[in-house]
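One-based numbering, in listed order, for ligands and for the atoms of each. Note that these values count all heavy atoms, side chains included, but never hydrogens, waters or copies made by symmetry.
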Amino acid sequence: MQLTPQAHIQYVAELAAKRSYNEPEFLQAMHEVLDSLVPVLVEHPEFIEAGVLERLIEPERQIMFRVPWLDDQNKVQVNRGFRVQFNSALGPFKGGLRFHSSVNLSVIKFLGFEQVFKNALTRQRIGGGKGGSDFDPHGKSDEEVMRFCQSFMTELYRYIDEHTDVPAGDIGVGAREIGYLFGQYRRLTGRHESGVLTGKGKGWGGAEVRTEATGYGAVFFAQEMLKRTGEDIEGRRAVVSGSGNVAIYAMEKIAQLGGIPVTASDSSGYVVDERGIDIALLKQIKEVERGRIADYAERRQGAHFVANGSVWDVPAELAFPCATQNELDERGARALLDGGVRIVAEGANMPTTPEAITLFQKSGILFAPGKAANSGGVATSALEMSQNAARDRWDFDHSEARLQAIMRDVHDACYVASERYGRPGDYVLGANTAGFVTVAQAMIEQGVV
Ligand code: GLU
């Protein structure tokens with residue numbers, strides 16, 4: 001006899017907990033999805049019969065490898081490299097590489113799992129994967145970063161190509177790293193295969209708006225949520241965490257739409273700038289000088305730096321967590337609610353803890369999960385792949401218009417699914433169910449593989 005949807009989900013969760021007992025971030029991401037799926041399985045009992053969930057929680061392939069390199073003192077360093085190829089039912093595996101000291105298999109698996117549903121929501125025919133290393137580019141010379149990237153690609157190149165798996169950037173991997181990785185791939189294969197990586201330099205196959213896309217996309221998503229209630233971003237204060245690529249371009253778009261981004265942060269603390277963050281100065285410090293956020297307060301009159309504090313203590317109507325996983329906990333959520341927050345849109349992947357999400361949902365504010373709100377980055381990567389395949393190049397305005405249309409569609413798909421499964425405006429339910437149904441249907445049609 002077939003299990004009920006609830007019992008089936010519990011069985012799958014126990015299976016994962018047993019196999020992946022030492023992977024807390026992966027289990028957290030998996031629970032967030034499974035907890036939404038009861039109404040879908042009631043509607044589609046065939047998903048249970050076809051073992052879709054058992055197959056979805058197990059990556060198609062996971063690769064771990066040694067990355068040896070020589071530092072500037074000619075001393076041997078060894079890092080660990082990862083690529084988790086999670087699901088390719090919708091297209092080639094697609095997802096970024098993260099270089100950060102916190103990276104381990106659990107972190108890469110959680111990111112790869114999220115990516116499967118996020119990529120499905122974009123409707124760009126891309127599967128989900130993620131990779132990276134516990135190498136931290138901060139404080140390393142350009143030459144060290146280059147040698148590391150060359151060593152990393154010397155192993156990874158066997159497993160990727162434009163039809164198989166297409167990596168890109170994430171935390172610690174930007175234009176510089178993608179350049180070195182691409183150079184080594186080209187040397188090893190003897191081919192200029194531009195579609196194998198996205199986020200490339202614009203002179204050799206990189207797409208316009210890819211750099212801005214994740215941050216811009218998160219703000220476009222928030223704009224769509226506000227539109228439903230007849231409002232817009234103009235005149236509203238926003239707290240933004242982080243000061244990397246996602247945060248900087250979220251702030252830029254908020255400011256372009258007449259909002260006021262008042263904070264930025266890094267692991268040492270945060271800055272408050274009541275006049276609105278000076279984006280050009282922030283870009284100079286973070287993108288050009290690769291400096292710290294405290295430097296911003298020193299160089300900008302009226303701004304102040306708070307060491308080790310919580311950016312969520314700053315009152316605002318809009319909040320964009322754009323730093324990293326689990327950066328917004330229950331205490332932070334309470335502080336945001338006390339400060340009058342009305343919309344929280346995740347620019348980072350899984351920045352909000354499950355307890356904090358529950359609190360936001362109970363309080364009735366609008367909450368957009370990362371797999372919907374930050375999907376603009378990977379969606380624009382898919383646009384880069386299309387341009388590479390067609391040997392074409394779109395201008396900035398056309399590319400931004402495509403991104404905005406995709407974010408509108410992602411928003412609408414989530415909203416419609418939230419209505420269909422009984423909780424209109426619950427974007428967590430909407431994103432998980434809409435993403436899941438797309439992948440599950442493809443998996444069933446392609447048989448047990
Ligand atoms: N790392 C980004 C993400 O979390 C983008 C991945 C990509 O462009 O492939 O979605």
Can you check whether E327's main-chain N or O pairs, donor with acceptor, with W312's side chain at less than 3.5 Å? yes
Numbered in order shown, the ligand 1 atoms found under 4.0 Å of a heavy atom of R210 are 5 (C), 7 (C), 8 (O)
Ignoring hydrogens and angles, state whether a donor on the side chain of D392 or Q387 is under 3.5 Å from an acceptor on the partner side chain.
no
Side-chain donor-acceptor pair under 3.5 Å between N374 and N349, yes or no? yes
Compute the minimum heavy-atom distance from R98 to ligand 1 and say whether it is under 4.0 Å.
-> no
| said: Below 30° counts as parallel, above 60° as perpendicular, anything between as tilted: where do the rings of F113 and F117 land? | reply: perpendicular
Atom 1 (N) of ligand 1: of N245, T380, D170, V246, the nearest heavy atom sits on D170
With no hydrogens and no angle check, do the side chains of W69 and N79 hold a donor and an acceptor under 3.5 Å apart? yes
One finds that the ligand 1 atoms under 4.0 Å from a non-hydrogen atom of K118 are 3 (C), 4 (O), 10 (O)
Looking only at protein heavy atoms, what sits closest to atom 6 (C) of ligand 1 is G96 N, 3.5 Å
Which word best sums up how the rings of F86 and F26 line up, parallel for under 30°, tilted for 30 to 60°, or perpendicular for over 60°? tilted
For N349, the atoms of ligand 1 under 4.0 Å from one of its heavy atoms are 4 (O)
A student comparing P167, A382, S381 should find that the heavy atom closest to atom 8 (O) of ligand 1 comes from S381
Is E252 salt-bridged to K283, going by a charged N under 4.0 Å from an acidic O? yes
Residue, atom and distance of the protein heavy atom nearest atom 9 (O) of ligand 1 read K94 NZ, 2.7 Å
K130-ligand 1 polar pair, N/O distance under 3.5 Å: yes
N or O pair under 3.5 Å between V166 and ligand 1: no
A student checking ligand 1 against A168 at a 4.0 Å heavy-atom cut-off should list atoms 7 (C), 8 (O), 9 (O)
The salt bridge (charged side-chain N to carboxylate O under 4.0 Å, His left out) partners of R290 (sequence neighbours excluded) come to none
Check: of G370, G95, G169, min heavy-atom distance to atom 2 (C) of ligand 1 comes from G169
